[in-house]
Amino acid sequence: MLMVLVLKVSAPWASDKVAMPVQLLKIIEGQSEIPLPSHLQKENLEHLQEGCDHTNKYIQGVVTLSYPLTKLRDGTDFFKIVVQDSDNLRSQINSINVLIYGKMAEDCAKIICQGETFIVAGFKVIKLPAAREGGRHDFHLEVSEEAGSAIYIYTKPKTTAASETASVSVAPKYVYTPLNHLKDGTVVNLYGVVKFFKPPYISKGTDYCSIVTLVDPSNVKLTCSLFSGNLDSLPKIYKVGDIVRFHRIKIREYNGQMQGITSGGFASLTFDGTIGAPVVPRTSSRVYTFMDEEQKTVEELRIWAASNISISGSATKLSGVQPMLFFDLTCQLVGKAKVDGSSFLLKVWDGTKCPYPTWKVPVEAKDLEGEKVLLHQLRNLAVDILVYDNHVQLAESLKIGSFLRIYSIHVKQASADNEDVSHMEFHLHGGTCYGRGIGLLPESNPDVKELKEFLESVNLTDSQNMESMCSMDIDSTFGNVTVLTDHQDLSATELKTITNSSAPRQYRIRAKLRTYKPQKLHQSVKLHCSKCNSLQEVPDRDEFDVILHGSASAAPNPELHNTSWYESVTWSTQEQKQREIAIHFVKHDEMLQHPEDTLIMIEGGTLKEIWKLTKRFKCVIPVRSTEDDLELLDLSAPFLLKGNVKYYGCKQCSTPKPMKNLSSIAAEQQPSWEPTEIAQALGIELLQYVFIMKFTLVDETASLNAYLFDHEKFFQIPASEILTNNFLQEKMQMTMNTLCPPGRKLGELPWLECFIKSYNVRGAMENQVYYQIFDTTVAEDVV
DNA sequence: TTAGGTTTGG
C-alpha cells in the first residue's frame, strides 16, 4: 500500500481549510505519482539556481538520511534530511540537504523515514559556502510553513545510504515579481504601494474580505481580493500610500486584467509609506523574514511613491468638513447605540469642532453605551455617525474608547421641519464602494498618537463655553462678543461713522466677520522686513533645495577647517555623484558642547540632512567656502535653522559680515544663540514671520475691510511656527471657524469686538484710507 | 465561496 501524506497549513494549492499541520489526504495503491497541481513544475537537482522564484517548482527524491529533530538557538524546531534524486542516480549531483524549520520540522520528524519518496514545493535554494564533495549538492533547500512550502511524502519504503556533511543555515532569500511581470496561474511574492483599499469587511461568504489595489515603479496596477477567516491575517492598511509585501499571492486573469487573490500560505507585511518613518512591519505573523534588503526596498518604494502617488486623500478633521462631500475621519469612539435592524449609531470625536450644527440621532438613554459623564462633556464636540447594513456588525463589535478611521463618511446637509437652520448629518452608507468602511487603529499608529495628544490637550471646560457658539440655538445666543481688547475704556463706534471720518484715528468696534482672506490659512503667512517695510512670500523648499544643490557642487575648502573657534569634520557620500560634506562645530571656551547647545555650520548638505541636523543641534547655518573664508549662501535660502523655524534675511537691507563674528557670541558665558543676535552678528536684517489677512467686517451701518498684521498677539500663535505645526494650524482654523462659522447667514454670525486704526496711503492722485486691526487678542475661551 | 474599487437611502 502506498500512502500519501501532505503536510500542510500553507500549501498554496490546498483546497481544504483544516488547520491541522499534518493531514492525511489520500491513500493510493500502486500509483507512483501524486496528482500535483498543474501549475507546479518539476525541477531537476542539477538545474537548481539561487535567487530564482521556486514558488511554483517542486523537487522529488528519496530520503536517504534523516537527523534527530533539534531546536535552533531561537527555539525554532529544526529537522534535516538528505534527499537523493532516484531518477538520476548516475548523475554527478544527485543528493541535496533539505533543512526544514518550525512546525513543519516537528511534523516531518514524526512521519519521515529513510527510503520514502519526498516531494517539496515552494522551497528556497541556498548556496553553501564550501565546495561540493562526493555527489553532494553545493546548494541546500530551506523549507518552512512561513515560506509557503508544501511537502508530499510517499511512505513506501526504499533504501539507500548516503554520507552527508554539515551545512550552514542561511537566511532565506525571496524573489519578488514586479507588477508588470505577473503571469496567470502563478503564485508570487510582490511589493507594492497601496493606491486604493477597502478596509476588511465581512463578506457574504464565510470570511473577511479586503480589496487592495497596488502600484509599483513599473506603473502597473494590481487589484487583489484578499480573504481570510482571521481578521488579523489580512494586511493592516490604514491609508493610501502604505507599502505592502505579499508572500504567496495567487495571480489570475479576470476581465483581461491580472488580479491577485489569497492562496494558501498568503502572508503580508504593511509599512507606513511616509519617507523617514521607521520601517517597522505591521503583521500578525509571529515569524517573518525581514532584512536590510527588504528595508531598502521599502525605502525606495516610499521615495518612488512620494512623486508618483497622490496620497492627499480625503482625510479631514471635524472642523474642516464640507457639506455634500465624503471624507475619512480619524477619531475616538465615545458612544454607540443600536438604532434599528439596519443601522447603528457611533458617537465619535477628534477634538475639533464641526463648524456647522450637527444632527443628533434620537436614541433611548438606556440603549446608549458609553461613559455618561464624558458623553455629556463632549456633547458639543462629539458627532453622531449613522452606519448602515454591512457595517452594523463591525460597528457593534467596537469597544468604547477605541480609535477608528471611518472611510468615506457622507456629509449630508438637511433641515428638519421644526428647524430654520439646516444641520449636518453623517452617514456611512451600506456597501463598500470607494473603500467605505470602518478600520480599527492600534494605539501605536502615529496618527492615533497625534490624535491622543491632541484630545488630551482639549480643555473640556473651555469647549463648553463654545456651546453658545454652536449648533442648536444659534440666533438667541449670538449676541456675544468673542474678541478681547486692550483698550476697554473706548466705547464702540459704528462702521459708518468710521468710513465717513478722516484718517488717522483709532476706534473700538463691534462687528461681524462676514468673510476673510486668504481662506487657506497657511497662505496668510508672509515675511516682513521692519527696516524697508517690504513683504515677501515664504520661499518654498524647492528654492532652498536648488540653492543647496548649487553650493554643493564646490567642495569644502580644507584650509578653512579647524580654527580657533570651531572644529570640523568632513566626509564623502557613497552616491553615484560623490558629494563632500563638512560640518563645523562652534566651540565654547575651546570645548565642544552638547549637541543641543551647539551651533553648527554645514557645507554640502541636502535639505533632508540639514533638516535632520536641526533636530539634534541647537542651530544650523548652511554655508559654503570661498578661498579665504566661510560665507552664507544666497539670502533666498534661510541663513539659520533653529527648531522648526527657518530664518531668512532681507536681501535689500542685509550686508553680510564675516562668519567669524559668530565667535564673539560663542565666547559669551552661556551662548543663547538667539536668531536676532546671530542675525546682528552676521549683518543680516532678520525677516519676521507675520500673518497678513483681510477681514471684511460689517455692522448694521456699513462694511469695511480691515487688515490684520500680526506676529503672535491676535491668534496667540507665533506666525513663525504655523507652517510646520499641524496642531497650531488646527487651532488657528478652529479660531477662524468660531469667528466666522462657515455656512451661516449674516444674522447668525457672532459679534466681535476689536480695535482698528485708520491710516492714509498716498496714491498717485489721492489718499486712500486703510484700516488695520491692532491691540486685539482672540479671547482664550474661543481658542 | 466570499469580490472582482468608483459613493449619495435610511
Side-chain angles (χ1 to χ4, degrees), chain A residues 14-18 179 182 184 192-215 220-231 233-235 237 239-242 244 249-264 266 309-310 313-316 321-329 337-346 359-363 384-395 406-416 423-439:
Chain A
S15 58
D16 203 308
K17 275 207 173 157
V18 183
L179 299 184
L182 298 174
D184 186 20
V193 183
V194 175
K195 189 181 161 56
F196 167 83
F197 71 104
K198 293 184 175 182
Y201 57 95
I202 298 158
S203 77
K204 287 175 186 149
T206 58
D207 290 336
Y208 287 98
C209 173
S210 181
I211 304 299
V212 182
T213 301
L214 305 179
V215 276
V220 167
K221 276 201 303 183
L222 178 74
T223 297
C224 303
S225 304
L226 310 177
F227 299 100
S228 175
N230 174 10
L231 193 58
S233 65
L234 291 172
I237 297 165
K239 50 169 79 160
V240 167
D242 279 352
V244 294
I249 181 131
K250 191 169 175 177
I251 304 301
R252 294 196 314 204
E253 197 179 315
Y254 175 79
N255 279 346
Q257 282 201 311
M258 290 304 164
Q259 175 195 59
I261 188 156
T262 38
S263 68
F266 171 79
I309 301 224
S310 159
S314 45
T316 308
V321 294
Q322 300 289 323
M324 309 313 287
L325 284 177
F326 294 83
F327 74 107
D328 299 344
L329 181 66
K338 188 179 159 82
V339 177
D340 58 43
S342 69
S343 65
F344 195 85
L345 170 65
L346 298 178
W359 72 330
K360 294 285 173 247
V361 178
V363 286
D384 285 7
I385 297 174
L386 205 51
V387 313
Y388 296 95
D389 306 336
N390 56 318
H391 308 298
V392 169
Q393 199 183 338
L394 209 137
I406 309 180
Y407 300 93
S408 214
I409 300 171
H410 181 205
V411 187
K412 190 179 164 194
Q413 196 162 24
S415 50
H423 62 249
M424 289 303 147
E425 300 180 354
F426 299 103
H427 301 268
L428 187 71
H429 295 295
T432 61
C433 299
Y434 271 85
R436 235 169 14 215
I438 304 170

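- Contacts of Ile261(A) with the nucleic acid, taken as non-hydrogen atoms under 4.0 Å apart, include base atoms.
- Of all nucleotides listed (dT7(B), dA3(B), dG10(B)), dA3(B) comes nearest to the side chain of Phe227(A).
- Leu226(A) places its CG atom 13 Å from the P atom of dG5(B), with the value rounded to the nearest Å.
- Note that the OH atom of Tyr208(A) and the CG atom of Asn230(A) stand 9.0 Å from one another [nearest 0.5 Å].
- Here the nucleotide nearest the side chain of Thr206(A), chosen from dT6(B), dT8(B), dT2(B), is dT2(B).
- Rounded to whole Å, the separation between the P atoms of dG9(B) and dG5(B) comes to 23 Å.
- Among the heavy atoms of the strands, none lies under 4.0 Å from Phe344(A).
- For Leu386(A) and dT8(B), the CG to P distance is 16 Å, given to the nearest whole Å.
- In this structure, Gly430(A) reaches the bases: a heavy-atom distance under 4.0 Å links it to at least one base atom across the strands shown.
- Checking dT7(B), dA3(B), dT1(B) against the side-chain heavy atoms of Cys433(A) singles out dT7(B) as nearest.
- With rounding to whole Å, Phe196(A) atom CZ is found 14 Å from dA3(B) atom P.
- Counting to the nearest Å, the P atom of dG5(B) and the OH atom of Tyr434(A) are 13 Å from each other.
- Donor-acceptor pairing under 3.5 Å, judged by distance alone, is absent between the side chain of Ser225(A) and the base of dG4(B).
- No contact: Ser343(A) has no heavy atom under 4.0 Å from any strand.
- In this entry the distance linking CG of Asp328(A) with C1' of dT7(B) reads 12 Å, nearest Å.
- If you take atom C1' in dT8(B) and the same atom in dG4(B), they sit 22 Å apart, rounded to whole Å.
- Taking atom CD of Glu425(A) as the reference point, atom P of dG9(B) lies 11 Å away to the nearest angstrom.
- Taking atom NZ of Lys338(A) as the reference point, atom C1' of dG10(B) lies 15 Å away to the nearest angstrom.
- Mapping Thr223(A) and Thr262(A) onto DNA chain B via the closest heavy atom, the residue that lands nearer the 5' end is Thr262(A).
- For Lys221(A), no side-chain nitrogen or oxygen approaches OP1 or OP2 of dG5(B) to under 4.0 Å.
- Phosphate contact (OP1/OP2 of dG9(B), side-chain N/O of Lys412(A), threshold under 4.0 Å): absent.
- In the interface, the side chain of Asp389(A) is paired with the base of dG10(B) through a donor and an acceptor atom under 3.5 Å apart.
- Looking at Ile261(A), Asp207(A), Ile249(A) one by one, the single match for side chain to side chain contact (heavy atoms under 4.5 Å, CB included) with Leu226(A) turns out to be Ile249(A).
- Summarising the geometry, the separation between CD on Glu253(A) and P on dA3(B) is reported as 22 Å, rounded to the nearest angstrom.
- With sequence neighbours left out, Lys195(A) forms a side chain to side chain donor-acceptor pair (under 3.5 Å) with no residue at all.
- Rounded to the nearest 0.5 angstrom, His429(A) NE2 and Lys412(A) NZ are separated by 7.0 Å.
- Evaluation of the side chain to side chain donor-acceptor pair (under 3.5 Å) rule for Tyr388(A) yields His427(A) as partners, not counting sequence neighbours.
- The backbone N or O of Lys360(A) lies less than 3.5 Å from no partner atom in the side chain of Asp384(A), so there is not a single donor-acceptor pair.
- Between dG5(B), dG10(B), dA3(B), one nucleotide has an atom nearer to the side chain of His429(A) than all others, and that is dG10(B).
- Counting distance only, with no hydrogens placed and no angle test, the side-chain atoms of His427(A) and the base atoms of dG9(B) include no donor-acceptor pair under 3.5 Å.
- Stacking annotation: Tyr388(A) is stacked on the base of dG10(B) (ring centroids less than 5.5 angstrom apart, interplanar angle below 30 degrees).
- Closest approach to the Thr213(A) side chain among dT7(B), dG4(B), dG5(B) is made by dG5(B) (side chain taken as heavy atoms from C-beta onward).
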